[in-house]
Amino acid sequence: MAISTKDLQRLFVLIADDIAAQRDHLCELDGVIGDGDHGLAMDAGCEAAAKAVGALDPAQTAPTAAFNAAAKAFLNAVGASSGPLYATAFMRAGAAVKDKSDLSDDDFLRAFAAMAQGIQERGKAEPGEKTMVDTWRPAADAALAPASGTSLSEALDMAERAAHQGSEATRNMTAAKGRASRLGERVIGHIDPGAASAAIIIASIAKFARQHDG
Ligand code: ADP
Ligand code: MG
């Protein structure tokens, strides 16, 4: 079944709820290798995005405009580096589904992959540099890998698993981007907060797809 703007409203609420539940944990992770605000930043951004998308009239609003509203709200709500990174992600998702009134499974997967690409290009981080890219890149690759005939929820379950692994793998990395890059070897042994929040968001997206498929 196609994914409508009304479905996206539900998706953004799911993401905001799951991030809110992990807010303190994300701040703790950022407290170790950053400045301790990552949970607050992601909570504020996701909450603002959910509110902005929820305020739209789904009968009058195409998915691309919903993603753009999320991008703008996220950017305005967040002063930390995650602000422009996720704003770019949502803008790219919107651009990937331009002119569609409903999203097919393929459209949705293209939007998902565009988020990863947007984050990577905006932050100029490569996998292995201990950032959210270490979660997003393998997740997008996993979502796009399966042969046709795979359901949306199956593709996103694979993305969720890849995201989890990617996030865990940041534990053994030193950081080449962001605040943590100033700490050298001292960040080894600690998960990157942006990688952790990305895994939460991707798990929320997979949960949304399971509910939608089921
Ligand atoms: P700030 O570092 O400004 O306080 P946040 O705490 O919101 O921002 O986010 C920190 C996270 O942002 C890091 O854990 C990392 O995953 C991510 N990050 C930082 N710089 C980059 C970058 N250039 N590319 C991708 N992700 C980045
Ligand atoms: Mg921070």
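Whatever order the structure lists ligands and atoms in, that order sets their numbers, starting from 1. Just the heavy atoms: all of them, side chains too, but no hydrogens, waters or symmetry mates, feed the values below.
The Mg ion (ligand 2) has Asp30 OD2, Asp35 OD1, Asp37 OD1 as its protein N, O or S neighbours under 2.8 Å.
Residue Arg179 holds its CZ atom at 3.5 Å from CG of Asp35, rounded to the nearest 0.5 Å.
Closest heavy-atom approach to atom 27 (C) of ligand 1 among the candidates Val187, Leu85, Thr135, Thr170: Leu85. Considering Ala44, Ala125, Gly194 only, the shortest heavy-atom separation from atom 11 (C) of ligand 1 involves Gly194.
Between the side chains of Arg137 and Gln120, at least one donor-acceptor pair of N or O atoms lies under 3.5 Å.
Ligand 1 has a nitrogen or oxygen under 3.5 angstrom from a nitrogen or oxygen of Arg179. Taking only nitrogen or oxygen atoms, main chain and side chain alike, Lys124 does not reach within less than 3.5 Å of ligand 1. Of the N or O atoms in Ser82, one or more lie within a sub-3.5 Å distance of an N or O in ligand 1.
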(request) Assess whether side-chain hydrogen bond (donor to acceptor under 3.5 Å, both in side chains) is satisfied between Ser197 and His38, documenting all intermediate values. (result) CA-CA 9 Å; Ser197 62; His38 188 64; 2.7 Å; yes

(message) Show, in sequence, the C-alpha distance, side-chain angles and deciding distance for Phe208 and Phe12, and conclude whether the ring-ring contact (aromatic ring centres under 6.0 Å, His included) test is met.
(response) CA-CA 10 Å; Phe208 163 80; Phe12 277 100; 9.4 Å; no

(request) Kindly determine whether Asp192 and Thr170 satisfy side-chain hydrogen bond (donor to acceptor under 3.5 Å, both in side chains), including the steps that lead there. (result) CA-CA 6 Å; Asp192 175 66; Thr170 64; 5.6 Å; no

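Proximity to Asp35 (heavy-atom distance under 4.0 Å) selects the following atoms of ligand 1: 4 (O). Of all the atoms in ligand 1, the ones that sit under 4.0 Å from a non-hydrogen atom of Gly123 are 22 (C), 23 (N), 24 (N). Interface of Asp30 with ligand 1, defined as ligand atoms under 4.0 Å from a residue heavy atom, comprises 6 (O). Residue contact check: His38 has heavy atoms under 4.0 Å from atoms 5 (P), 6 (O), 7 (O), 9 (O), 10 (C) of ligand 1.
Of all protein heavy atoms, the one closest to atom 17 (C) of ligand 1 is Met132 CE, 3.8 Å. At the top of the distance list for atom 8 (O) of ligand 1, counting protein heavy atoms only, stands Ser81 OG, 2.9 Å. Closest to atom 14 (O) of ligand 1, if we only count protein heavy atoms, is Asp192 OD1, 2.6 Å. Atom 19 (C) of ligand 1 has as its closest protein heavy atom Gly178 CA, 4.0 Å.
Residue Leu40 is not grouped with residue Leu75 when hydrophobic side chains (ILVMFWY) are merged at heavy-atom distances under 4.5 angstrom, including chains of intermediate members.
For His212 (side chain) and Met1 (main-chain N/O), a donor-acceptor pair under 3.5 Å exists by modelled atom type. In this structure a side-chain-to-backbone donor-acceptor pair under 3.5 Å is present from Lys130 to Met173.
Residue-environment remark: CZ (Arg110) exceeds the threshold of 12 foreign heavy atoms within 6.0 Å.
The side-chain contact (heavy atoms from CB on, under 4.5 Å) check on Asp24 picks up nothing, with sequence neighbours excluded.
No part of Val78 comes within 4.0 Å of ligand 1, judged by heavy-atom distances.
Contact between Gly34 and ligand 1 is absent, with no heavy atom of the residue lying under 4.0 Å from the ligand.
With a 4.5 Å cut-off on side-chain heavy atoms, Asp37 and Cys27 do not count as touching.
Shortest non-hydrogen contact noted between Gln9 and Val53 is NE2-O, 3.0 Å.
Ring geometry for Phe112 versus Trp136: interplanar angle of 30 to 60°, hence tilted.
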